[in-house]
Undergrad: 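Questions regarding the structure given below will be posed in turn.
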Amino acid sequence: MGNKLNSWLDVCRACAILLVLLSHGRIFLTPAFPEAQLLKFGGFLGVELFFVLSGFLIGRILFEKMNNANSATSWVMGFWGRRWMRTYPSYVLFVILNILIITTIRPDIFPNLLSFLTFTQNLLTPHPSFFGEAWSLAVEEVFYFVTPVLLSLLYIITKNKKFSIAVTILLLISIPLALRIHASIFTSMTFNEIRSTALYRVDSIMIGVISVILFNKYGTNILTKIGVLLIPLCVYIASMPDSFMDKSMTLKIFLFPMANLGFACLICSWYYVNINSSIMRYLSKVARWSYAAYLTNLPVLCSIGYFLKRPESLTECLFQWTLFISITFFSAWFVYSIFERKVLSLRDKFIPR
């Protein structure tokens with residue numbers, strides 16, 4: 001597969017952030033279009049797609065680093081450095097921005113900053129209300145930290161790379177599954193509380209890792225394309241009211257991997273598809289700004305809600321929804337251009353691939 005940028009992965013990344021914005025922006029549409037509440041599926045599925053994409057991309061990097069390393073641990077610090085330089089500076093910037101928000105336009109309990117700065121704010125408990133979108137970032141960072149540790153320790157003990165990879169995959173699939181089963185049976189945690197607890201969710205990223213292993217070995221087949229049909233099923237389920245999700249033990253346990261498997265099949269099925277360059281000119285930009293857009297969209301939503309009255313008429317609803325989308329992408333472009341891109345340049349300069 002190489003290191004060349006892949007158009008289909010950019011399409012998937014762009015779709016993921018658009019799904020999230022579609023879900024979050026429905027708050028501006030529901031006064032005129034109550035049916036817009038059904039768009040809530042976008043928040044769930046957009047993040048699940050991001051998880052699988054992360055696993056698909058990071059899995060390849062992990063195995064390349066491990067296979068090319070001189071020792072069991074020599075590659076780990078470089079891997080962590082590149083991943084954290086990709087995510088952490090922008091994350092800290094938005095921790096600061098969200099502190100400004102809760103001390104001005106949206107009062108809230110002051111967070112435990114140490115837990116947020118170490119991505120432990122939702123390790124085994126649901127995510128706090130502060131900086132709501134950070135829950136999924138914590139899931140990813142926990143995965144980035146734990147996976148190399150497990151791979152290295154197991155390789156030191158066994159001296160067998162394939163065995164170390166297999167056991168790491170087994171642990172990071174079975175432990176979150178067991179935690180969700182326990183939470184669904186023995187606690188009163190809601191669907192969204194389970195969804196936002198980091199150690200309950202790292203298997204979603206591991207499914208992306210498994211998909212890249214299978215894709216490299218077997219390519220695509222009819223089963224892969226059939227698996228894509230899981231996505232419309234998940235759209236239907238995730239459109240249901242939260243109360244429906246909360247009552248179902250099955251959904252609390254299995255809806256996440258169901259969506260992840262559907263997206264893994266989607267990524268693999270059209271990985272080599274050729275996409276019109278005119279379309280990609282726009283989608284590649286959306287993909288490039290997706291991390292910044294994910295971080296900016298809720299502060300934008302909160303600011304619009306503070307400075308403008310709740311929309312009532314059709315015109316007001318469409319205006320505020322358009323304003324939300326426009327400001328989100330403008331701010332994402334600004335953050336990427338002024339901050340994120342410069343950080344990535346420093347990363348590439350000081351931390352080799």
Side-chain angles (χ1 to χ4, degrees), residues 1-17 49-97 117-119 133-134 136-149 151-152 205 208-209 212-213 215-216 267 271 275 277 280-296 329-353:
M1 289 169 15
N3 292 318
K4 185 180 178 181
L5 292 176
N6 179 273
S7 296
W8 179 240
L9 296 183
D10 271 355
V11 170
C12 291
R13 194 177 292 108
C15 287
I17 190 59
L49 178 51
F50 273 131
F51 284 159
V52 179
L53 279 166
S54 291
F56 191 89
L57 293 166
I58 295 304
R60 177 173 56 84
I61 294 170
L62 279 170
F63 301 141
E64 284 181 357
K65 294 255 182 207
M66 190 176 180
N67 287 329
N68 296 331
N70 297 322
S71 69
T73 59
S74 61
W75 59 276
V76 174
M77 293 304 296
F79 172 81
W80 281 341
R82 287 190 64 83
R83 290 319 304 160
W84 288 335
M85 282 290 284
R86 171 70 184 90
T87 56
Y88 199 66
S90 293
Y91 175 81
V92 172
L93 177 66
F94 278 84
V95 167
I96 296 168
L97 177 62
L117 294 176
T118 55
F119 296 104
E133 59 271 44
S136 65
L137 307 179
V139 175
E140 297 208 22
E141 298 301 332
V142 168
F143 180 87
Y144 298 152
F145 178 77
V146 169
T147 306
V149 170
L151 287 170
S152 297
I205 303 176
V209 173
V212 79
I213 294 173
F215 179 68
N216 285 338
I267 291 169
Y271 184 83
I275 302 171
S277 59
M280 286 310 305
R281 187 171 67 178
Y282 297 101
L283 287 182
S284 61
K285 290 179 180 178
V286 174
R288 195 177 307 126
W289 304 334
S290 61
Y291 181 47
Y294 188 73
L295 293 172
T296 61
F329 277 119
F330 174 79
S331 58
W333 164 80
F334 183 81
V335 170
Y336 176 82
S337 301
I338 302 300
F339 184 75
E340 187 179 330
R341 185 166 60 184
K342 290 180 171 56
V343 171
L344 293 176
S345 296
L346 287 173
R347 179 193 69 171
D348 292 339
K349 181 178 180 180
F350 293 108
I351 309 176
R353 290 182 182 275

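The chain is numbered in sequence order, starting from 1.
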Undergrad: Within a strict 4.5 Å, meaning less than it, do heavy atoms of the Ile205 and Tyr144 side chains meet?
TA: no
Undergrad: Tell me every residue that passes side-chain hydrogen bond (donor to acceptor under 3.5 Å, both in side chains) with Glu133, counting only those two or more places apart in sequence or in another chain.
TA: none
Undergrad: Output every pair passing side-chain hydrogen bond (donor to acceptor under 3.5 Å, both in side chains) with a member in residues 332-346, not counting sequence neighbours, ordered by first then second residue.
TA: Arg86-Glu340, Trp333-Ser337
Undergrad: Are the side chains of Val92 and Leu117 in contact, using a 4.5 Å heavy-atom criterion?
TA: yes
Undergrad: Would you please test Asn68 and Trp75 for side chain to side chain contact (heavy atoms under 4.5 Å, CB included) and show each step?
TA: CA-CA 8 Å; Asn68 296 331; Trp75 59 276; over 6 Å; no
Undergrad: With sequence neighbours excluded, tell me which residues meet salt bridge (charged side-chain N to carboxylate O under 4.0 Å, His left out) with Arg83.
TA: none
Undergrad: With side chains defined as the heavy atoms from C-beta onward, is the minimum distance between Val335 and Leu295 less than 4.5 Å?
TA: no
Undergrad: So, for Pro89 and Trp84, which heavy atoms are closest and what is the spacing to 0.1 Å?
TA: CD-O, 3.2 Å
Undergrad: Is there a side chain to side chain contact (heavy atoms under 4.5 Å, CB included) between Leu283 and Val11 once you walk through the steps?
TA: CA-CA 6 Å; Leu283 287 182; Val11 170; 3.9 Å; yes
Undergrad: Apply side chain to side chain contact (heavy atoms under 4.5 Å, CB included) to Ile267 and Val212, showing your working.
TA: CA-CA 9 Å; Ile267 291 169; Val212 79; over 6 Å; no
Undergrad: Does Arg13 use its side chain to pair, donor to acceptor, with the backbone of Leu53 at less than 3.5 Å?
TA: no
Undergrad: Go through the steps for Tyr294 and Ser136 under the test side chain to side chain contact (heavy atoms under 4.5 Å, CB included), then give the verdict.
TA: CA-CA 10 Å; Tyr294 188 73; Ser136 65; 2.7 Å; yes
Undergrad: Measuring from Thr147:OG1 to Phe79:CZ, what's the distance to the nearest 0.5 Å?
TA: 7.0 Å
Undergrad: Just to verify, what does Asn67 make a side chain to side chain contact (heavy atoms under 4.5 Å, CB included) with, not counting sequence neighbours?
TA: Phe63, Lys161
Undergrad: Taking atom CZ of Phe339 as the centre, does the number of heavy atoms from other residues, nucleotides or ligands within less than 6.0 Å exceed 12?
TA: yes
Undergrad: Compare every heavy atom of Ala72 with every heavy atom of Val76, then report the nearest pair and how far apart it is.
TA: CG2-O, 4.5 Å
Undergrad: NZ of Lys65 to CZ of Arg353: how many Å apart, nearest 0.5 Å?
TA: 8.5 Å
Undergrad: Give the ring-plane orientation class for Phe215 versus Phe56, where under 30° counts as parallel, over 60° as perpendicular and anything between as tilted.
TA: tilted
Undergrad: Can you name the closest pair of heavy atoms from Leu151 and Leu62 and give their distance?
TA: CD1-CD2, 4.4 Å
Undergrad: Could you tell me which residues satisfy ring pair (Phe, Tyr, Trp, His ring centres under 6.0 Å) with Phe119, sequence neighbours excluded, listed by chain and number?
TA: Tyr88, Tyr91
Undergrad: Tell me which donor-acceptor pairs under 3.5 Å the side chains of residues 285-293 have, and how far apart each pair is, sequence neighbours excluded?
TA:
residue: Ser290; atom: OG; partner: Ala287; partner atom: O; Å: 2.7
residue: Tyr291; atom: OH; partner: Thr87; partner atom: O; Å: 2.7

Undergrad: Quick one: does Thr118's side chain get under 4.5 Å of Phe145's, heavy atoms only?
TA: no
Undergrad: What's the shortest heavy-atom distance between Ile351 and Gly78, and which atoms?
TA: CG2-O, 3.8 Å
Undergrad: Return the minimal non-hydrogen interatomic distance between Val343 and Met85, and the atom names on each side.
TA: CG1-O, 3.3 Å
Undergrad: Measure across Cys12 and Leu49 and return the closest heavy-atom pair with its distance rounded to 0.1 Å.
TA: O-CD2, 3.3 Å
Undergrad: Sub-3.5 Å donor-acceptor pair from the side chain of Asn6 to the main-chain atoms of Tyr271, do we have one?
TA: yes
